[in-house]
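Input: a single structure, listed below in structure tokens.
Letters A, B, ... mirror the listed sequences (proteins, then strands); counts begin at 1. Since the model is a prediction, treat every value here as computed from it, not as a measurement.
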2 protein chains.
Amino acid sequence: MELDEAKQRFIQAWGTLGSNWGINRTMAQVHALLLISAESLCADDIMEKLKISRGNANMNIRALIDWGLVFKELKPGERREYFISEKDMWNVVRQIIIHRKKKELEPVLKVLNDVSDIEGESADKEAFLDVIKDIQLFASKADKTLDKLVNSDANWLMKTFMKMM
Amino acid sequence: MELDEAKQRFIQAWGTLGSNWGINRTMAQVHALLLISAESLCADDIMEKLKISRGNANMNIRALIDWGLVFKELKPGERREYFISEKDMWNVVRQIIIHRKKKELEPVLKVLNDVSDIEGESADKEAFLDVIKDIQLFASKADKTLDKLVNSDANWLMKTFMKMM
DNA sequence: ATTAATTTTCAAAATTTTTTGAAAGTATAA
DNA sequence: TTATACTTTCAAAAAATTTTGAAAATTAAT
């Protein structure tokens, strides 16, 4: 395979993966493009390489900066902004975990907690609470494990992976 | 909170969680409804409780059966089909992992492998391959860890969680 | 202060995903 | 066989999400 074709394929695959995981396809593609670009790119570069509009490029670049996956690079004497991506894959994974955990896991923990406090006494209530408790057990274990994960270093992660295998 | 309100809140939360994770909101809601129903429900029950159409109910029940999260229950002397959900949360998590891994992780592993085979020699190529290798390392570790996970029992999972914490 | 370069915003358009509901299909009973 | 009860399908409608592009805002240079 040619290098350019390989790059193209990678960008597409990363986009598909992203959209399956609730991350906007274009956002994932911009990320992929920056990951495999030796040089930092400006908005126009990204627009051209991904064939997307200025607004789209701008919005997704900003989202990536929000997620801590992309950084601005100001070139001396240059007016326009250039962008580089976080290259350390462990940091990439970590940032994604932090964001998704906050957006998705934490609200669920809150709901599970809220719905645990029910009035009255009935077999129905007890059965419901049993299910909720069970889910809570999983959810809070996952929550704590992810906390540990994001606060650990790459080495710890790898060791844990190893231990699990 | 009243039991009915709690159930409603739980169903909504489960739906939101699902849709954030690439699982259709209604599918997740049907799942939630069945999880907290003491009795098995028929299509009409589900349509009524979730205020959805017959087609929608049917499709999502079917999908849940596909995912191994819901089972048909045939009542003797009754013509219509009733449905119950997998109640063991560990089995629920396991089935979801199996499905998502197959649908999302495995295709990415294939692409990473495909794009690793590039013609020519250049610094550019080497830089690209470095990034791909790095991602491959993470992806294959995740793949193997998930395999181990789905093939293990609930007890092992809990122990691993414990160890990690 | 004016101009020029660049970034940001956001309403409208395009696209994608989900839902509906009626028709077709299937299975059971009479 | 015919009627009845129920399930499945799928094209069209509705809803949600993403993208566009031009105008507004910002920033820096002259």
Side-chain angles (χ1 to χ4, degrees), chain A residues 11-12 14-34 40-67 70-84 99-100 103-104, chain B residues 11-12 14-34 40-67 70-84 99-100 103-104:
Chain A
I11 290 170
Q12 293 308 320
W14 209 242
T16 303
L17 183 71
S19 74
N20 279 328
W21 284 89
I23 292 157
N24 172 318
R25 151 184 245 84
T26 305
M27 178 170 163
Q29 288 181 340
V30 173
H31 180 228
L33 173 62
L34 287 171
S40 58
L41 303 179
C42 67
D44 287 270
D45 294 334
I46 293 168
M47 287 163 63
E48 200 214 309
K49 298 223 187 200
L50 298 179
K51 303 268 191 296
I52 58 175
S53 72
R54 185 172 303 283
N56 199 7
N58 184 273
M59 280 180 145
N60 286 298
I61 290 165
R62 268 190 308 103
L64 285 164
I65 291 173
D66 253 21
W67 281 49
V70 164
F71 311 104
K72 280 187 190 177
E73 193 183 60
L74 296 170
K75 294 197 179 182
E78 279 252 38
R79 191 147 158 193
R80 77 180 63 189
E81 295 172 327
Y82 285 78
F83 305 97
I84 52 169
H99 263 266
R100 305 217 66 192
K103 193 177 154 215
E104 287 141 32
Chain B
I11 290 170
Q12 293 310 319
W14 209 242
T16 303
L17 183 71
S19 75
N20 279 327
W21 284 88
I23 292 157
N24 171 318
R25 150 182 247 84
T26 305
M27 180 171 160
Q29 288 182 340
V30 173
H31 180 228
L33 173 62
L34 287 171
S40 58
L41 304 179
C42 68
D44 288 85
D45 294 334
I46 293 168
M47 287 164 62
E48 200 214 310
K49 300 223 186 199
L50 298 179
K51 303 269 193 294
I52 59 175
S53 71
R54 185 171 303 284
N56 199 6
N58 183 275
M59 279 180 142
N60 286 298
I61 291 166
R62 224 45 48 197
L64 285 164
I65 291 173
D66 253 22
W67 279 50
V70 164
F71 312 104
K72 277 187 192 176
E73 194 183 60
L74 296 170
K75 295 197 179 181
E78 280 252 37
R79 195 147 155 190
R80 76 181 63 189
E81 295 173 329
Y82 285 78
F83 305 98
I84 51 169
H99 264 265
R100 305 217 64 193
K103 194 176 153 216
E104 287 141 31

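What separates CZ of A:Phe83 from C1' of C:dT6 is a distance of 11 Å, to the nearest Å. Atom CD in A:Gln29 sits roughly 13 Å away from atom P in D:dT18 (whole-Å rounding). The distance from atom CD1 of A:Ile46 to atom P of C:dT8 is 12 Å, rounded to the nearest whole Å. Spacing between atom CD of A:Glu78 and atom P of C:dT7 amounts to 10 Å, rounded to whole angstrom units. B:Met47 has its CE atom 10 Å from the P atom of D:dT7, to the nearest Å. The distance from atom CG of B:Leu74 to atom P of D:dT7 is 10 Å, rounded to the nearest whole Å. Rounded to an integer number of Å, the gap from A:Leu50 CG to D:dT18 C1' is 15 Å. For A:Ile61 and C:dT8, the CD1 to P distance is 8 Å, given to the nearest whole Å.
Side-chain atoms of B:Asp45 come within 3.5 Å of backbone N or O of B:Cys42 as a donor-acceptor pair. For A:Arg100 (side chain) and A:Gly22 (main-chain N/O), no donor-acceptor pair under 3.5 Å exists by modelled atom type. Between the side chain of A:Asn60 and the backbone N or O of A:Asn56 there is at least one donor-acceptor pair closer than 3.5 Å.
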Where protein sits on nucleotides 19-30 of chain C, one letter per nucleotide: B base, S sugar-phosphate only, - none, heavy atoms under 4.0 Å = SBB-----BB--
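Look at A:Asn58 and you'll find a side-chain N or O under 4.0 angstrom from OP1 or OP2 of C:dT8.
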